[in-house]
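Notes follow once the structure below has been shown.
This one's a predicted model, so the numbers in the text were calculated from it and none came from an experiment.
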Amino acid sequence: MLDIRKFSEICVMMYYFALDKNLSFSIESLVNKLVQFFSTDIMGLQTSELSKRTIEQSYQDLRTRLELVQNGDITTLKQLNRDQDYLNALFEFCNNEQSTKSMLTFCLYLSMYYAIAGGLPIEMSGAISSYYGNRFSSLRKREESVAMYNSILEHFALSTADYRVSGVSSGIAKAVRMIKRNINRQLTIQSICTEIGLSQYHFMRKFKIDIGMTVGAYIKKEKIAYAKFLLVYTNQSISEISEYLIFNSQSYFTSVFKKETGKTPFEYRKSDL
């Protein structure tokens, strides 16, 4: 039988973790802060019963999931998130709409922080956060909150994984990161080569060997991938997305997008609503 109090303290740690990510605290000062915060009975927890052992365990449970987000380890995270006893118990202590939103807000904030630490661009992290934050008010059942909690963690982990580069030389990995983080800027082969310290000939040859496509084809692929993200998770217009990603015109963007996906940007956005 799971100890329900243990899971309530994960909520507590989310709050404290969000305020002090360095976690340099004494147990006495932590309990004092928690008692002060929860005196408003936001989550209905009995902070006077907190102990050092259970707080440390709660911290480890939360930290494990956040580190998986930071490392982009979506496989292990999904395995942990299959533990329905853990998740149901976690949300059982959220005994009203406000406490549920607090729980999800803490999860969202921390996932965003760890995803950025793992290499996810701030702009993309913010867009993901806005997407989920705007949907909190529509949640009515505990099952929906549990699903949202899982989705937040897994979405950040998957997005972070997309920005991690492995299995290639350090120079090409640096080039790939440069392309991904500057996808809305006009990059040139020369500027990339200058940054990584390779001649254009060796860079283009090595890039195709490691990545399996030319630099130009890879940049186009990344632009379309980011366009998909913006179409689904933001309210930016198609013309704004086209301009943001430095396409020559909206019609050219639409043509390239349809060639790569089989759908126009409008059709793609509509199919994912």
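- Scanning all heavy atoms of the two residues, the minimum distance from Ser125 to Leu120 falls at OG-CD2, 3.3 Å.
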Would you sort out whether Ile224 and Phe257 count as a side chain to side chain contact (heavy atoms under 4.5 Å, CB included), showing the intermediate values?
-> CA-CA 6 Å; Ile224 295 304; Phe257 191 93; 4.0 Å; yes
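- Residue Ser129 comes nearest to Leu108 through the heavy atom pair O-CD2, 3.4 Å, listed as atom of the first residue, atom of the second, then distance.
- When only modelled atom types and interatomic distance are considered, His155 and Tyr132 share a side-chain donor-acceptor pair under 3.5 Å.
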From CA spacing to verdict: side-chain hydrogen bond (donor to acceptor under 3.5 Å, both in side chains), Lys206, Ser169 = CA-CA 9 Å; Lys206 183 66 173 172; Ser169 64; 4.6 Å; no
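- Classified by interplanar angle (parallel below 30°, tilted 30° to 60°, perpendicular above 60°), the ring pair Phe247/Phe253 is tilted.
- Formation of a donor-acceptor pair under 3.5 Å by the Ser159 side chain with backbone atoms of Phe156 is not found in this model.
- Tyr233 and Tyr244 end up in the same hydrophobic cluster when Ile, Leu, Val, Met, Phe, Trp and Tyr side chains are linked at under 4.5 Å.
- Taken to the nearest 0.5 Å, the CG atom of Asn150 stands 11.0 Å off from the CE atom of Met148.
- Among residues two or more places apart in sequence or in another chain, the salt bridge (Lys or Arg N to Asp or Glu O under 4.0 Å) test is passed with Glu154 by none.
- Inter-residue side-chain proximity for Val176 and Val168 is flagged as unmet; no heavy-atom pair is nearer than 4.5 Å.
- The main-chain N or O of Gly126 is found under 3.5 Å from a side-chain atom of Ser130 such that the two form a donor-acceptor pair.
- Of the possible donor and acceptor atoms, none in the side chain of Ser191 sits under 3.5 Å from a partner among the backbone N and O of Leu187.
- To the nearest 0.5 Å, atom CD of residue Glu222 and atom CG of residue Asp162 are 8.0 Å apart.
- Using a distance-only test at 3.5 Å, with no hydrogens or angles considered, no donor-acceptor pair links the side chain of Thr264 to the main chain of Lys258.
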When you look at Gln190 and Thr194, which way does the side-chain hydrogen bond (donor to acceptor under 3.5 Å, both in side chains) test go after all the steps?
-> CA-CA 6 Å; Gln190 183 58 54; Thr194 299; 3.1 Å; yes
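- Tyr163 and Ile128 fall within the same hydrophobic cluster, defined by Ile, Leu, Val, Met, Phe, Trp and Tyr side-chain heavy atoms under 4.5 Å apart, directly or through other members.
- With hydrogens and angles disregarded, a donor-acceptor distance shorter than 3.5 Å links the side chain of Asp73 to the backbone of Thr76.
- Legend: side-chain hydrogen bond (donor to acceptor under 3.5 Å, both in side chains) pairs involving residues 223-232, not counting sequence neighbours, sorted by first then second residue: Glu123-Tyr226.
- Although no hydrogens or angles enter the test, the distance criterion places a donor-acceptor pair under 3.5 Å between the side chain of Thr254 and the main chain of Gln250.
- Scored by the salt bridge (Lys or Arg N to Asp or Glu O under 4.0 Å) test, Glu67 finds Arg63 as partners (sequence neighbours excluded).
- Of all the heavy atoms in Phe207 and Met213, the pair that sits closest is CD2-O, 3.4 Å.
- Counting heavy atoms from C-beta on, the side chains of Arg65 and Asn81 come closer than 4.5 Å.
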